[in-house]
Amino acid sequence: MFKSLEDFKLKLKEISKKEFVQSLRKGDTGIGYTLESLLGIEENNIPLADLGEIELKAYRKDSGSMLTLFTCEPKPVGGERDKMLLREFGYPREKENRSLELHCTINARNHNNQSLKLSVEKDKIRVVSSRKEIDVYWDFEALSERFNKKIQKLIVVEAEAMFHDDEERFYFSDAYLLDGFDFKSFCKLVESTSVTVDFRMHLRSKGTVRNHGTAFRVHKRRLMECYRTREKLL
């Protein structure tokens, strides 16, 4: 465990002074694994004596990819909601013995192939369809509770990436401590399609639903805008 946030900041500065360090693992997960190894932690949570466990995320500065913020099921609560979504918007997947499947991304700009789109209201985010009226939504309380439970405080470390002799190298140049869910900014990110929702469910042959979790995902470079306070650490 680090003795304090200041102790952690000193360790980050030591790592940053090394400039481009070789990735300890190939592929997308190499950046997180390399940083965790340099910090001497085994999981993606940082134990700080003065702040408790804080989740750590690292990403490449030039990355345009998205990451999962959290999973949160919409209202109304219950399996009938998922059965309705599968019945109205699902499609068959015979190869995997699934009578119906609904794996799709929803944004607030365009209706997807299943006719679904996000609509931002004053205190909720709603799923709407261009072909059928439905009542499926997330309210502020549910999203705020889920966000705070999953990633209330977060340390984000940004790195410049380069390849040398076919090996990726990272320069961990910037870091921020993020705190406090900002619902208004979150909704703006939804409206700009920087935050999207993934439905991931299917109907088993016996008629029961398998829901892999409805995921809210964000463009990595917009992640900091989900928080009210941002303290620069590096």
Side-chain angles (χ1 to χ4, degrees), residues 28 55 57 59 63-93 98 100-154 156 178-203 209-230:
D28 290 342
E55 187 164 349
K57 290 189 183 293
Y59 59 85
S63 172
S65 61
M66 303 185 77
L67 61 84
T68 298
L69 278 171
F70 53 81
T71 59
C72 183
E73 297 309 316
K75 295 181 178 178
V77 177
E80 291 304 314
R81 176 206 62 222
D82 290 348
K83 287 183 179 179
M84 179 277 294
L85 289 169
L86 283 162
R87 182 176 64 251
E88 298 294 339
F89 309 107
Y91 45 88
R93 186 88 169 192
R98 300 175 180 181
L100 287 172
E101 181 176 272
L102 183 60
H103 279 217
C104 66
T105 297
I106 313 170
N107 65 47
R109 183 169 296 168
N110 304 304
H111 290 92
N112 65 12
N113 291 337
Q114 284 71 46
S115 82
L116 299 174
K117 180 177 176 287
L118 297 177
S119 174
V120 177
E121 300 178 1
K122 182 179 180 180
D123 60 351
K124 61 175 62 73
I125 296 172
R126 189 178 294 278
V127 179
V128 296
S129 168
S130 60
R131 66 172 187 246
K132 182 179 177 63
E133 186 173 335
I134 58 175
D135 184 31
V136 177
Y137 64 92
W138 298 265
D139 57 28
F140 166 77
E141 288 80 11
L143 289 172
S144 181
E145 179 182 356
R146 189 60 181 161
F147 192 100
N148 288 328
K149 183 177 181 180
K150 178 65 178 175
I151 45 174
Q152 180 177 11
K153 288 184 175 140
L154 182 68
V156 171
L178 311 178
D179 190 11
F181 179 51
D182 189 330
F183 184 69
K184 288 185 179 180
S185 293
F186 183 79
C187 287
K188 289 179 181 177
L189 291 174
V190 173
E191 289 179 317
S192 70
T193 72
S194 293
V195 168
T196 61
V197 170
D198 283 2
F199 278 140
R200 305 177 296 183
M201 65 182 76
H202 67 266
L203 193 65
V209 175
R210 176 70 170 95
N211 188 334
H212 295 273
T214 302
F216 279 80
R217 307 188 74 219
V218 63
H219 281 285
K220 290 181 179 179
R221 285 180 288 182
R222 307 294 299 275
L223 173 63
M224 285 187 283
E225 297 173 45
C226 295
Y227 291 84
R228 287 194 299 272
T229 62
R230 308 159 205 169

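- Between atom CG of residue Leu67 and atom CD1 of residue Ile151 there is a gap of 8.0 Å, rounded to the nearest 0.5 Å.
- With sequence neighbours excluded, the residues satisfying ring pair (Phe, Tyr, Trp, His ring centres under 6.0 Å) with His212 are His202.
- Contact between Met66 and Ser194 at its shortest, heavy atoms only, is CE-O, 3.7 Å.
- Taking OG1 of Thr214 as the start and CD of Glu73 as the end, the distance is 3.5 Å to the nearest 0.5 Å.
- In this structure, CG in Leu86 is found 10.5 Å from CZ in Arg81, a value given to the nearest 0.5 Å.
- Under the rule for a ring pair (Phe, Tyr, Trp, His ring centres under 6.0 Å), the partners of Phe183 that lie at least two apart in sequence or sit in another chain are Phe140.
- Taking both residues in full, the closest heavy atoms of Ala215 and Thr68 are given as CB-CG2, 4.1 Å, listed atom of the first, atom of the second, then distance.
- Atom CG of Asp28 sits in a sparse spot, with 12 or fewer heavy atoms from other residues, nucleotides or ligands closer than 6.0 Å.
- Across every non-hydrogen atom of Gln114 and Arg131, the tightest pair is O-NH1, 3.7 Å.
- Among pairs with a residue in residues 180-193, none fulfils salt bridge (Lys or Arg N to Asp or Glu O under 4.0 Å), at least two apart in sequence or across chains.
- No side-chain heavy atom of Lys150 sits less than 4.5 Å from a side-chain heavy atom of Leu69.
- Under the 4.5 Å side-chain criterion, counting only non-hydrogen atoms from C-beta, Phe216 is in contact with Phe186.
- Heavy-atom minimum distance, Ser115 versus Phe89: OG-CE2, 3.6 Å.
- Taking a 6.0 Å sphere around CG of Asp123, one finds it holds more than 12 heavy atoms contributed by other residues, nucleotides or ligands.
- The minimum heavy-atom distance linking His111 with Val128 is given by the pair CD2-O, 4.4 Å.
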Self-check item: Criterion side-chain contact (heavy atoms from CB on, under 4.5 Å) on Thr105 and Asn112, from CA distance to verdict
Solution: CA-CA 8 Å; Thr105 297; Asn112 65 12; over 6 Å; no
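- The two atoms that bring Val120 and Cys187 nearest to each other are CG1-CB, 3.7 Å, heavy atoms only.
- Under the salt bridge (charged side-chain N to carboxylate O under 4.0 Å, His left out) criterion, Glu145 pairs with no residue, sequence neighbours left out.
- Between atom NE2 of residue His219 and atom OG1 of residue Thr193 there is a gap of 5.5 Å, rounded to the nearest 0.5 Å.
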Quiz item: Step by step, would you call Val197 with Val190 a side-chain contact (heavy atoms from CB on, under 4.5 Å)?
Solution: CA-CA 9 Å; Val197 170; Val190 173; over 6 Å; no
Self-check item: Audit row: Leu118, Val127, side-chain contact (heavy atoms from CB on, under 4.5 Å) steps and yes/no
Solution: CA-CA 5 Å; Leu118 297 177; Val127 179; 4.1 Å; yes
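- In this structure, Ser192 contributes its side chain and Leu189 its backbone to a donor-acceptor pair below 3.5 Å.
- Applying the ring pair (Phe, Tyr, Trp, His ring centres under 6.0 Å) rule to Phe147 yields the partners Phe70, Phe181, Tyr227; only residues at least two apart in sequence or on another chain are considered.
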Practice problem: Show the numbers, then the answer: is there a side-chain contact (heavy atoms from CB on, under 4.5 Å) between Phe199 and Glu101? | Solution: CA-CA 10 Å; Phe199 278 140; Glu101 181 176 272; over 6 Å; no
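- Judged as a salt bridge (Lys or Arg N to Asp or Glu O under 4.0 Å), the pairs with a partner in residues 112-121 (not counting sequence neighbours) are, in order, Glu121-Arg126.
- In this structure, CG on Asp179 lies 5.0 Å from NZ on Lys153, to the nearest 0.5 angstrom.
- Rounded to the nearest 0.5 angstrom, Leu178 CG and Lys57 NZ are separated by 11.0 Å.
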